[in-house]
Amino acid sequence: MPELPEVETIARGVNKRIRGDRIVQVWFSRAPQTFKTPRKLQAEGLTGRTILAVHRTGKHIVFELSRSASEIDAQWIVHLGMTGRLLVSSPDFPVPAHTHARLFLESGRELRFVDPRRFGRLEFRDLNRRSAFAAPGDDPLAIGEPEFAALFRGRRSPIKAALLNQSLLAGVGNIYADESLFHSNIRPRRRANRLTRLELERLRLALCEVLNHAIRLGGSSVSDYVDADGERGFFQLEHCVYQRTGEPCRRCGTPIRRILLAGRGTHYCPNCQR
DNA sequence: CATTTCACCTGGTGGC
DNA sequence: TGCCACCAGGTGAAAT
């Protein structure tokens, strides 16, 4: 489900609702791929710890944890994959199918991780034994013009494939790659190293605007995405190309075209994007 | 190393 | 109603 705006929305919602709460008990499903750190270690690490803060890094949600309720000594890192959800629920609310984690909190509420396709991952880090989690790529909302341009120097892959590469930029996914390329008038198949400095700067600014706009609208609810409160986002109403194959371009009326690129459905306006 | 392809999963949709 | 093909917000391993 989730790219940067959806993950940001969820992290903010979870932080607002359970910051300061304490994990008193943990339940995990048996799906082995879900647990990047062995289930037993995660359960032991989480139980009894206080959640000091929750925030987003790239497409990851990071829980800052503490045994002493003051100094951060551990992290719980959640990646939602394609269909993952984090929900803060009352314990009597029915447990959805495909629930893989239930964190029972001191306040009586419950944090649930639900993930039908099981592409999501849960990881626990003891900061006394390992370094803190860091995204490999740069944050597209924080990077400046020269650093952004440098990322694509010498890259011969299509610009869209480079945008999806998380070790370059952390957080851009299929929707926002297509939308930002539309708003900067660039064809997804253009080789990254063939873009002019001016085009790259248009792309950087378009990315910032699209991502910030989407965050303001609570993300894109394409099929079943909901935030920590179960609320849908509204940015899907603003999509110009993503999943609008055959529909008229909002700017020029030309039918939106769909191609396959880097294994992903890719949408663009053949007239506006060059 | 850079790049591309594919497997990993379940569920929804639309055609016949 | 059933069956089948195809599609879906992501990524990491394997192949090229």
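Computation of the quantities below employed the complete heavy-atom set of this structure, encompassing side-chain atoms and omitting hydrogens, waters and symmetry-equivalent molecules. Naming: A, B, ... by sequence-line order, numbering from 1 per chain.
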Modelled atom types, side-chain donor and acceptor of [X] and [Y], under 3.5 Å:
X	Y	result
A:Arg251	A:Asn185	yes
A:Ser107	A:Arg109	yes
A:Ser220	A:Tyr176	yes
A:Glu64	A:Trp76	no

Assess whether a salt bridge exists between [X] and [Y], defined as any Lys/Arg side-chain N lying under 4.0 Å from an Asp/Glu carboxylate O.
X	Y	result
A:Glu123	A:Arg130	yes
A:Arg85	A:Asp115	no
A:Asp73	A:Arg125	no
A:Lys59	A:Glu6	no
A:Asp227	A:Arg12	no

What is the separation between atom [atom1] on [X] and atom [atom2] on [N], rounded to the nearest whole Å?
X	N	atom1	atom2	result
A:Arg156	B:dC1	CZ	P	16 Å
A:Lys160	B:dT5	NZ	P	14 Å
A:Leu261	B:dT5	CG	P	9 Å
A:Phe35	B:dC8	CZ	P	20 Å
A:Leu260	B:dT4	CG	C1'	12 Å
A:Asn193	B:dT3	CG	P	8 Å
A:Leu164	B:dT4	CG	P	12 Å
A:Arg56	C:dG10	CZ	P	14 Å

Would you mind telling me which of [options] lies closest to the side-chain atoms of [X]?
X	options	value
A:Glu3	B:dT3, B:dG11, C:dG10	C:dG10
A:Pro2	B:dT10, C:dG10, B:dT3	C:dG10
A:Tyr242	C:dG10, C:dA8, B:dT4	C:dA8
A:Lys59	C:dA8, C:dT11, B:dG11	C:dT11
A:His98	C:dG10, B:dT3, B:dT10	B:dT10
A:Arg258	C:dA8, B:dA2, C:dG10	C:dA8

side-chain N/O [X] vs [N] OP1/OP2, d < 4.0 Å:
X	N	answer
A:Arg264	C:dG10	yes
A:Gln166	C:dT11	yes
A:Arg118	B:dT10	yes

Bracket string, DNA chain B, 5' to 3' - pairs by Watson-Crick or G-U geometry under 3.5 Å, | interstrand: .|||||||.|||||||

NA contact type, [X], heavy-atom cut-off 4.0 Å: base, sugar-phosphate, or nothing?
X	answer
A:Arg121	nothing
A:Gly173	sugar-phosphate
A:Phe235	nothing
A:Ser221	base
A:Pro158	sugar-phosphate

Nearest-nucleotide 5' precedence on DNA chain C, A:His60 against A:Gly265: A:Gly265

Separation between the P atoms of C:dC3 and B:dC9, rounded to whole Å: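 C:dC3 and B:dC9 have their P atoms separated by 24 Å.
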
Centroid under 5.5 Å and tilt under 30°, A:Phe119 to B:dC8: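 Whether judged by distance or by angle, A:Phe119 passes, so it stacks on the base of B:dC8.
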
base_contact_polar (B:dC9 base, A:Arg117 side chain, donor-acceptor, <3.5 Å):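 Yes, the side chain and the base share a sub-3.5 Å donor-acceptor pair.
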
